[in-house]
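This report refers to the structure that appears directly beneath it.
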Number of protein chains: 2
Amino acid sequence: MGHTRWLSDDEMRAWRAFTNAHALLYRRLDHGLKEEVGLSGLQYEILARLSGAPSREMRMAELAGDLVNSKSGLTYQVAQLEKAGLVRRRSCTSDERAVFAGITDEGMALLERAAPGHVTRVKELLIDVLTPDQLQALADGLGEAGRRMADGAGCSRPDRATEAEPCE
Amino acid sequence: MGHTRWLSDDEMRAWRAFTNAHALLYRRLDHGLKEEVGLSGLQYEILARLSGAPSREMRMAELAGDLVNSKSGLTYQVAQLEKAGLVRRRSCTSDERAVFAGITDEGMALLERAAPGHVTRVKELLIDVLTPDQLQALADGLGEAGRRMADGAGCSRPDRATEAEPCE
DNA sequence: GTCTGGTTGTTCGAATTGGAACGACCATCG
DNA sequence: CGATGGTCGTTCCAATTCGAACAACCAGAC
């Protein structure tokens, strides 16, 4: 490691734009959700993933991996959602360790009530601002970056375990 | 508002890539900083901004605006940094309300020790993964999105006040 | 002057986060 | 079977986050 390669002006601009846009956007989305349906951004994401899962449920570990949140953090949030009746938990019969979190009908109803506003905001504040080329570049470039980081490349993260079959 | 315009597959891919890459990346950077110099990502950002400011100091409000963090959150972190001797605070003589936070020599030293590893990680994990075109698209597209959100467009945020002259 | 409206940074309390430690569990080997 | 190593989700605790309320302050109208 001779001397450090600093960021060029262009690189710095891109990097700042990336973090700045994310912070600004996430803040808006969070507030919007909180106001409209009382959910946090993370809670919305949890419900969204569950609603899209095969049988409307997922393993805790899989969820945590998808959301890039710590296990303990997920436990906490799922507990909140369960208290609110939006999610139900059941333990897997074939693997006593595993816990499945599934979205309830009530959760689906709330999600459907939350989605329009949320999606509209994402479109207005990000998607519609980008040209089709920029959108594509974003999907390609950041998709690749995400993929590389997800595979333990360069650091921790040994996961990518079993693909979570419906269990029974 | 007729019916909601949902996200197309491409749009969804881009959106997911964006949030996913950010989460993954920020987590790595955070851990890296914590291990190498004991700073959090936010603390590093604070020091970095201060080090680049005209006289190595900024108003609290300006800092908070740049970092997109709540005022109270910034107060907390700056207090931490001050306790560690990396930052010093002084109140402005011409405007008794304002508080300037400035980075100390000790802070500069730590920042210089932290920067190489941090910057290298940013390059390796993000910049170097992108093609020049993608980098440019990211800077342009997300830059524009950030700019629009920063101007109260569509929502709260009335700020963008005085440009914080050196005060004396 | 004095009043009013808006700004600034801090304080407070409640909610959330994340890591480490833990107990329960599976799978493999002998 | 008994032991071992690894996985899973939870619990615990300290650190952090955010918004609302607050006190001090500035600026302009009157």
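Throughout, protein chains are lettered first and strands after them, A, B, ... in sequence-line order, and every chain is numbered starting at 1.
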- Item | Sequence-distant partners of A:A98, side chain to side chain contact (heavy atoms under 4.5 Å, CB included), two or more places apart |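 Side chain to side chain contact (heavy atoms under 4.5 Å, CB included) list for A:A98, sorted by chain: A:R59, A:C92, A:D95.
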- Sequence-distant partners of A:E82, salt bridge (charged side-chain N to carboxylate O under 4.0 Å, His left out), two or more places apart: A:R89
- Item | By salt bridge (charged side-chain N to carboxylate O under 4.0 Å, His left out) - contacts of A:D30 (at least two apart) | none
Please give, in whole Å, the distance from [N] [atom2] to [X] [atom1]?
{"X": "A:E82", "N": "D:dT10", "atom1": "CD", "atom2": "C1'", "result": "13 Å"}
{"X": "B:Y26", "N": "D:dT16", "atom1": "OH", "atom2": "P", "result": "12 Å"}
{"X": "B:R27", "N": "C:dG19", "atom1": "CZ", "atom2": "C1'", "result": "10 Å"}
{"X": "A:K83", "N": "C:dT16", "atom1": "NZ", "atom2": "C1'", "result": "12 Å"}
{"X": "B:L67", "N": "D:dT17", "atom1": "CG", "atom2": "C1'", "result": "14 Å"}
{"X": "B:E35", "N": "C:dG19", "atom1": "CD", "atom2": "P", "result": "11 Å"}
{"X": "A:L42", "N": "C:dA15", "atom1": "CG", "atom2": "C1'", "result": "13 Å"}
{"X": "B:M58", "N": "C:dT8", "atom1": "CE", "atom2": "C1'", "result": "17 Å"}

- Query: Do the charged groups of B:R90 and B:E57 touch, with an N to O distance under 4.0 Å?
  - Reply: yes
All N/O contacts under 3.5 Å from nucleotides 10-12 of chain C to the protein, with atom names and distances to one decimal?
residue : atom : partner : partner atom : Å
C:dT10  : OP1  : B:R89   : NH1          : 2.6
C:dT10  : OP2  : B:T75   : OG1          : 2.8

Please determine whether a side-chain nitrogen or oxygen atom of [X] lies at a distance below 4.0 Å from atom OP1 or OP2 of [N].
{"X": "B:N69", "N": "D:dC18", "result": "yes"}
{"X": "A:Q77", "N": "C:dT17", "result": "yes"}
{"X": "A:Q80", "N": "C:dA15", "result": "no"}
{"X": "A:H31", "N": "D:dC18", "result": "no"}

- Query: Which residue pairs pass the side chain to side chain donor-acceptor pair (under 3.5 Å) test when at least one of the two sits in residues 105-120 of chain A, sequence neighbours left out?
  - Reply: none
What pairs with [X] under side-chain hydrogen bond (donor to acceptor under 3.5 Å, both in side chains), at least two apart in sequence or on another chain?
{"X": "A:N20", "answer": "none"}
{"X": "A:R88", "answer": "none"}
{"X": "B:E124", "answer": "none"}

- Item | Distance-only donor-acceptor check, side chains A:Q43 and A:Q80, under 3.5 Å |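 Their side chains do not contain a donor-acceptor pair, so the 3.5 Å distance test is not met.
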Report all interatomic pairs (protein N or O, nucleotide N or O of nucleotides 24-29 of chain D) with separations under 3.5 Å.
residue : atom : partner : partner atom : Å
D:dC26  : OP1  : B:E96   : N            : 2.9

